[in-house]
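A short write-up of the structure that comes next.
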Amino acid sequence: MKLSVIGCGYLGAVHASAMAELGHEVVGIDVDQAKIEQLAAGRPPFFEPGLPEILTSAGASGRLRFSTDMADVAEATVHFVAVGTPQMRDSHAADMRYVDAAIDALIPFLKEGDLVVGKSTVPVGTAARLAQKLADSGSGATLAWNPEFLREGFAVKDTIEPDRLVYGVADERAASILDEVYATALGTGTPRIVTDYATAELVKVSANAFLATKISFINAMAEIAEVTGADVSQLADAIGHDARIGRRFLNAGVGFGGGCLPKDIRAFTARAEELGRGESVAFLKEVDAINLRRRQRVVDLAVEALGGSVYNKRIAVLGVTFKPDSDDVRDSPALDVAVQLKGLGARVVSTDPQGIENARIRHPQLDYAGTADEALAGADLVVLATEWKQFRELDPVRSATLVAGASVIDGRNVLDAAAWRAAGWTYRGMGRP
Ligand code: UGA
């Protein structure tokens, strides 16, 4: 099939490459010239495992092109809209300007029978509004809403082998076009839910709201564990054995960040309030508050570990990204902690395998080290804030020889507390004794 993908960020660049890898002919469009040049040269503008490989192979096949010119979508019959919906600067609502701009720019190039497929995460009601916009345009194109559930770090796998497909459609024809697009995944038995626009939009935001709630639930238990001497990691293992609860997404620590969970729960709350149902998701405000308190908890632990003040103390912060296997620093707990410690007068040195370049753009005032060894050198305190493999596997004995003070805060509860203590470290976890 001939497809276009509007917006080549974390979502769109992966979607375009994966669709070409599956045999479709794809053009990726973005307004950012530099990004398009990099993608066209086979170099992803961000770190995502597996993406360089499919970008290269799909590019070599001749099925994948990138352009800044919307006119290049003219041959495609299915157009995916994958632009961002960030949080508004002055409110919790989602900023819809990029979605609207993409649809407006697309309309002049749409033909009778084309299908526009929304993938961006949007407030419920958006699809109905955009479908009307398409109808009013007289282009003859129709709309489907097909939310995306990919995780950064696993984006290629999640796109090629999704765990479910959700189609929000107004007619059967749109569903059969999407079946053709996703023939490979459907052929392997991937479940497919065909529904209306509102349900499809809500599936996406409720999934992220549920995941955020699960994380804040366990972090709330960590807060209780902290005043009772209980161990939240063991608690998570124990309740996680109940198949109805499940162990995944029950890792207590510095909490969730990124370009999705935090802004999606806020946008959901804002939308529910607009709809007169604010009370239905009022708990998401608590989910957000618990999550932000965990960042403060790490800062408080740092102050405590350094005897009441971090002023002029050297602190190594391991991690700047919001999670491992990504270079994304949007709403990153690790960076937030580093910035807060710096604000209290600490000499913070942050390090990360992939995120330093992005972190430096946002926070040029922080000091960055290229390796964990450099960050640890002479540190009075070590804070593990993002659980990259290389940080999880740090040797406590060797690390102790690098620092000035053998004190560690395990902000992700991933270190072997006993091994670190045995190597002479003062170990502090999150909700662990
Ligand atoms: C999330 C969802 O997991 C995807 O399904 C969704 O498609 C995506 O948002 C999106 O809306 O685009 P992602 O933002 O890549 O994916 O990251 P997650 O793997 O969900 O992690 C989010 C945050 O939660 C990270 O900061 C992570 O460190 C934190 N987390 C995760 C915990 O603190 N504890 C856990 O047990 C799990």
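Counting starts at 1 for both ligands and their atoms, following the listed order. Just so it is clear, the model here is predicted, and its values are computed rather than measured. Throughout, residue positions are numbered sequentially from 1 according to the sequence presented.
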(message) Please work out, at 4.0 Å between heavy atoms, whether the side chain, the backbone, both, or neither of Val254 comes within that distance of ligand 1.
(response) neither
(request) Indicate whether any N or O donor in one side chain lies under 3.5 Å from an N or O acceptor in the other, for Tyr427 and Asp416. (result) no
(request) Return yes if a side-chain donor-acceptor contact under 3.5 Å exists between Asp196 and Thr199, otherwise no. (result) yes
(message) Testing Leu318, Leu301, Val254, Val298 one by one against Val383 for a side chain to side chain contact (heavy atoms under 4.5 Å, CB included), which residue passes?
(response) Val298
(message) Distance under 4.0 Å to a non-hydrogen atom of Glu152: what atoms of ligand 1 satisfy this?
(response) 15 (O)
(request) Looking only at protein heavy atoms, identify the closest one to atom 31 (C) of ligand 1 and say how far it is in Å. (result) Ile215 CD1, 3.5 Å
(request) Taking salt bridge (Lys or Arg N to Asp or Glu O under 4.0 Å) as the test, write out the residues that go with Arg266, two or more places apart. (result) Asp288, Asp331
(message) Ignoring hydrogens and geometry beyond distance, is a side-chain donor-acceptor pair present between Thr85 and Lys263 at under 3.5 Å?
(response) yes
(message) Check this for me: Phe217, atom CZ, are more than 12 non-hydrogen atoms of other residues, nucleotides or ligands nearer than 6.0 Å?
(response) no
(request) May I ask whether Gly253 has any heavy atom positioned less than 4.0 angstrom from an atom of ligand 1? (result) no
(request) Would you check the N or O atoms of Arg412, main chain and side chain alike, for any that come under 3.5 Å of an N or O of ligand 1? (result) yes
(message) Check for me whether Lys214 has a heavy atom closer than 4.0 Å to any atom of ligand 1.
(response) no
(message) Check whether Tyr182 forms a cation-pi arrangement with Arg192 (NZ or CZ under 6.0 Å from the six-membered ring centre, at most 45° off the ring normal).
(response) no
(message) Cys260 versus ligand 1: do any nitrogen or oxygen atoms come within less than 3.5 Å of each other?
(response) no
(request) Indicate, as side chain, backbone, both or neither, the part of Asp158 found under 4.0 angstrom from ligand 1 when only non-hydrogen atoms are considered. (result) neither
(message) Are Glu48 and Gln354 packed together at the side-chain level, in the sense that at least one heavy-atom pair is separated by less than 4.5 angstrom?
(response) no
(request) Ignoring angles and geometry beyond distance, decide whether Gly257 reaches within less than 3.5 Å of ligand 1 through its nitrogen or oxygen atoms. (result) yes
(message) With nothing but distance in play, are any N or O atoms of Phe149 less than 3.5 Å from an N or O of ligand 1?
(response) yes
(request) Mind running salt bridge (Lys or Arg N to Asp or Glu O under 4.0 Å) on Glu148 and Lys204 for me, showing each step along the way? (result) CA-CA 7 Å; Glu148 181 57 55; Lys204 170 67 194 198; over 6 Å; no
(request) Provide the number and element of each atom of ligand 1 under 4.0 Å from a heavy atom of Leu261. (result) 1 (C), 9 (O), 22 (C)
(message) Any atom of ligand 1 sitting under 4.0 Å from a heavy atom of Gly258?
(response) no
(request) Record the part of Leu250 in heavy-atom contact with ligand 1 below 4.0 Å; permitted values are side chain, backbone, both and neither. (result) backbone
(request) Examine the side chains of Asn219 and Glu223 and answer whether a donor and an acceptor come within less than 3.5 Å of each other. (result) no
(request) Would you verify whether the NZ or CZ of Arg271 falls within 45 degrees of the ring axis of Phe268 while also being under 6.0 Å from that six-membered ring's centre? (result) no
(message) Could you check whether Tyr368 and Asp352, counting side-chain N and O atoms only, form a donor-acceptor pair closer than 3.5 Å?
(response) no
(message) Any nitrogen or oxygen of Asn208, side chain or backbone, less than 3.5 Å from one on ligand 1?
(response) yes
(message) Among all the protein's non-hydrogen atoms, which is closest to atom 21 (O) of ligand 1, and how far away is it?
(response) Lys323 CD, 4.0 Å
(message) As an exercise, identify every atom of ligand 1 less than 4.0 angstrom from a heavy atom of Glu148.
(response) 7 (O)
(message) Please list the nearest protein heavy atom to atom 7 (O) of ligand 1 with its residue and the distance rounded to 0.1 Å.
(response) Leu150 O, 2.7 Å
(message) We want to know whether His79 and Ser4 form a side-chain donor-acceptor pair, criterion being a heavy-atom distance below 3.5 angstrom.
(response) yes
(request) Distance to 0.1 Å, residue and atom name: give those for the protein heavy atom nearest to atom 26 (O) of ligand 1. (result) Phe322 O, 2.7 Å
(message) I'd like to know whether ligand 1 has Lys204 as a neighbour, heavy-atom separation below 4.0 Å.
(response) yes
(message) Out of all atoms in ligand 1, which are within 4.0 Å of some heavy atom of Phe256? Include the element for each.
(response) 23 (C), 24 (O), 26 (O), 29 (C)
(request) Can you pull out the closest protein heavy atom to atom 20 (O) of ligand 1? Residue, atom name and distance to 0.1 Å, please. (result) Phe249 CZ, 3.3 Å
(message) Using a 4.0 Å heavy-atom cut-off, which part of Asn251 comes near ligand 1: side chain, backbone, both, or neither?
(response) both
